[in-house]
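To start, the structure itself, in structure tokens.
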Amino acid sequence: MGKKDKLVEAITAMDQDFTQWYTDVVLKAELIDYSAVKGCMILRPYGYGIWENIQKNLDAMFKQTGHENVAMPMFIPEGLLQKEKDHVEGFAPEVAWVTHGGSEKLAERLCIRPTSETLFCDHYARIIHSWRDLPKLYNQWVSVVRWEKTTRPFLRSTEFYWQEGHTAHATADEAVEETMRMLDVYADFYRNVLAIPVIKGKKTEKEKFAGAVSTFTVEAMMHDGKALQSATSHYFGDGFAKAFGIQYSDKNNQLQHVHQTSWGLSTRSIGAIIMVHGDDSGLILPPRIAPTQVVVIPIAAHKPGVLDKATAITEDLAKSFRTRIDTSDKQPGWKFSEHEMKGVPLRLEIGPRDIDANQCVVVRRDTGEKTTLSLDQLDESIAGLLDQIHDNMLAKAEKSLNSRIYETSDWDTFKSLIADKPGFVKAMWCGDPDCELKIKEETTATSRCIVSEHETEDRICVVCGRAAAKDVLWGKAY
RNA sequence: CGAGGUGUAGCGCAGUUGGCUAGCGCGCCUGCUUUGGGAGCAGGAUGUCGGGGGUUCGAGUCCCUUCACCUCGACCA
């Protein structure tokens with residue numbers, strides 16, 4: 001047993017048991033703790049720190065696209081929830097109800113928001129009167145509650161944090177444009193901030209959001225080849241507007257219904273970060289959202305000058321990067337492993353030998369590569385390395401995604417691909433829900449999204465062999 | 001909600017056909033020595049054996065029940 005083995009024994013190896021690896025990482029990297037309520041997790045400082053950085057980056061993108069933040073109540077009266085038929089049918093089975101206020105039974109029970117369409121619609125009906133009031137581009141950062149049967153940290157919990165954008169527009173075209181704009185924002189965010197490549201597409205009727213005209217999604221591929229629906233953007237048409245009476249007078253003094261969208265990204269994105277980038281030593285965090293980008297580890301800290309120098313470097317770097325120094329009395333080796341497990345992108349070692357040579361040792365989490373850097377112009381070196389890490393993580397994830405998308409038009413090949421090859425299968429679909437259902441029943445794979453739609457004579461449905469226009473990505477999903 | 005699994009110290013576990021004061025490793029605390037890949041020595045603290053009920057002279061151990069967590073299905077971000 002070498003020391004490396006001991007390190008690995010803390011976390012289950014990915015290829016031995018991926019779900020156990022995931023649970024180990026989530027707990028040992030101190031992202032969450034379980035709570036007293038089933039299915040509810042506590043976001044610990046390190047886990048919440050990731051979420052804060054996700055919020056910071058994504059919120060800036062929302063602001064750039066003209067959106068404003070608001071805060072809606074967490075309670076929805078039953079009558080309000082029931083206004084839109086498809087919506088209530090979709091969510092009713094998994095809502096939590098408040099029936100009492102103090103010891104008084106409520107005349108009308110209140111559900112704890114599973115999503116806030118109804119609240120926004122109710123509000124919009126009151127504040128939108130004129131074409132001059134449009135568009136309304138609102139977003140909120142809140143938690144919602146869905147009474148899930150099976151829960152897993154970040155991937156599916158009873159309460160989870162997310163943002164939900166809700167917009168109202170004068171025309172259908174504008175609303176469609178908004179739907180696609182926000183889908184692009186999510187795809188860009190995943191790529192440029194989380195270093196995760198995603199596939200954009202449209203959900204099938206079966207998979208779309210309750211109450212939506214159409215749902216668009218970004219799908220990511222996890223290390224085990226399974227799909228994770230990573231964010232969604234919905235076009236509502238005027239269905240909610242009609243149910244809630246959201247009308248405005250247009251420029252010709254005609255009463256019109258608004259056209260709406262909603263879009264959301266949740267703490268599930270943290271699950272994606274873990275399962276796309278992680279390795280057997282633990283987390284590997286994308287530099288742009290890592291709570292700590294650089295951890296400084298003084299070596300032989302008791303020796304004169306070491307701690308002072310390490311502290312000075314930390315303070316200097318902290319002006320430009322999220323930098324922390326580890327002054328605990330643990331052994332250096334212990335610290336190395338600890339910060340690797342927590343996915344800190346860069347580790348900076350500084351000891352007596354370095355100080356004499358005016359240098360430090362910097363180690364990349366993504367490659368393990370160790371380099372010696374001059375203490376002069378350290379800022380530029382670190383900035384360059386963090387960008388390189390991002391680019392490398394993205395490139396690696398992209399390669400992993402692209403190398404595991406298979407394509408076939410043959411039903412038997414399709415079945416064996418789903419069964420034997422982790423990843424996605426691209427196959428044509430005629431659009432018949434029965435064919436979609438057959439795929440799910442016989443392979444457990446579901447349609448992830450329709451990536452494109454175009455009529456071509458020679459293309460046939462992978463299931464029934466009839467003419468097919470939809471290019472669909474299929475896969476097993478979380 | 002269906003199938004299966006696990007609950008003993010902070011974590012990982014052992015605990016024999018039911019039997020005396022419930023153990024081990026790691027971690028934790030104190031002190032000293034150490035420090036470039038999970039340190040060493042010495043001393044110390046920590047338990048409602050998940051909860052409730054039952055059988056028994058006696059239950060961590062057997063029975064019933066309940067709760068939580070994990071895995072696989074059905075549903076979702």
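Model, not experiment: these values are computed from the prediction. Quick note on labels: first sequence line is chain A, next is B, and so on, each numbered from 1. Side chains are part of it too, since the values below use all heavy atoms of this structure and drop only hydrogens, waters and symmetry mates.
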Can you tell me the distance, in whole Å, between the [atom1] atom of [X] and the [atom2] atom of [N]?
X: A:Tyr478; N: B:C76; atom1: OH; atom2: C1'; result: 16 Å
X: A:Glu117; N: B:A77; atom1: CD; atom2: P; result: 10 Å
X: A:Asp329; N: B:C29; atom1: CG; atom2: P; result: 8 Å
X: A:Lys203; N: B:A77; atom1: NZ; atom2: C1'; result: 10 Å
X: A:Ile350; N: B:U35; atom1: CD1; atom2: C1'; result: 15 Å
X: A:Asp24; N: B:U71; atom1: CG; atom2: P; result: 10 Å
X: A:Gln331; N: B:G40; atom1: CD; atom2: P; result: 9 Å
X: A:Met341; N: B:G37; atom1: CE; atom2: C1'; result: 15 Å

Carboxylate-amine/guanidinium contact [X] [Y], below 4.0 Å:
X: A:Glu338; Y: A:Lys335; result: no
X: A:Glu52; Y: A:Lys56; result: no
X: A:Arg448; Y: A:Glu219; result: yes

Gap in Å between the two [atom1] atoms, one belonging to [N] and one to [M], rounded:
N: B:C69; M: B:C75; atom1: P; answer: 22 Å
N: B:G25; M: B:U8; atom1: C1'; answer: 15 Å
N: B:G50; M: B:U6; atom1: P; answer: 13 Å
N: B:G7; M: B:G52; atom1: C1'; answer: 16 Å
N: B:G18; M: B:C62; atom1: C1'; answer: 8 Å
N: B:G47; M: B:G15; atom1: C1'; answer: 14 Å
N: B:A3; M: B:U66; atom1: P; answer: 13 Å
N: B:G44; M: B:U55; atom1: P; answer: 43 Å

A:Phe62/A:Trp263 aromatic ring centres below 6.0 Å: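 Here the rings of A:Trp263 and A:Phe62 have centres that are less than 6.0 Å from each other.
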
By the 4.0 Å heavy-atom rule, please label [X] as base, sugar-phosphate, or nothing.
X: A:Gly351; answer: base
X: A:Val144; answer: nothing
X: A:Phe18; answer: nothing
X: A:Tyr34; answer: sugar-phosphate
X: A:Ser157; answer: base
X: A:Tyr161; answer: nothing
X: A:Lys206; answer: nothing

Does the structure show a Watson-Crick or G-U wobble partner for [N], both distances under 3.5 Å? Name it, or say none.
N: B:C28; answer: B:G44
N: B:U6; answer: B:A68
N: B:U21; answer: none
N: B:C1; answer: B:G73
N: B:U61; answer: none

Out of [options], whichever nucleotide has its closest atom nearest the side chain of [X]:
X: A:Pro332; options: B:G37, B:C70, B:G36; answer: B:G36
X: A:Asp354; options: B:G36, B:A77, B:C70; answer: B:G36
X: A:Lys370; options: B:G36, B:G37, B:A77; answer: B:G37
X: A:Lys440; options: B:G37, B:C76, B:C75; answer: B:C75

Per-pair stack call A:Trp162 and B:A77, 5.5 Å, 30°: no

Is any side-chain N or O of [X] closer than 4.0 Å to OP1 or OP2 of [N]?
X: A:Lys149; N: B:C76; answer: no
X: A:Lys330; N: B:C28; answer: yes
X: A:Tyr22; N: B:C70; answer: no
X: A:Gln229; N: B:A77; answer: yes
X: A:Arg152; N: B:U71; answer: yes

Most 5' of A:His234 and A:Gly39 on RNA chain B, judged by nearest nucleotide: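 Taking each residue's closest nucleotide, the earlier one in sequence belongs to A:Gly39.
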
RNA chain B: 5'-proximal contact among A:Asp17 and A:Pro352 (nearest heavy atom):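 Nearest nucleotide further toward 5': that of A:Pro352.
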
Pair A:Gln229, A:Thr217: side-chain N/O donor-acceptor within cut-off below 3.5 Å: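 Short answer, no.
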
Exercise: do A:Ser281 and A:Glu340 side chains pair donor with acceptor under 3.5 Å: no

A:Lys136 charged N/C atom sitting above A:Tyr124 aromatic ring, 6.0 Å / 45°: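 The answer is no, since A:Lys136 fails at least one limit relative to A:Tyr124.
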
A:Thr150 (side chain) and B:C1 (base): donor-acceptor pair under 3.5 Å: yes

B:G37 base / A:Glu349 side chain donor-acceptor hit below 3.5 Å: no

Atom of A:Ser116, atom of A:His166 and distance for their closest heavy-atom approach: C-CE1, 3.9 Å

Side chain to side chain, A:Ser230 and A:Leu265, heavy atoms closer than 4.5 Å: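 No, side chains not in contact.
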
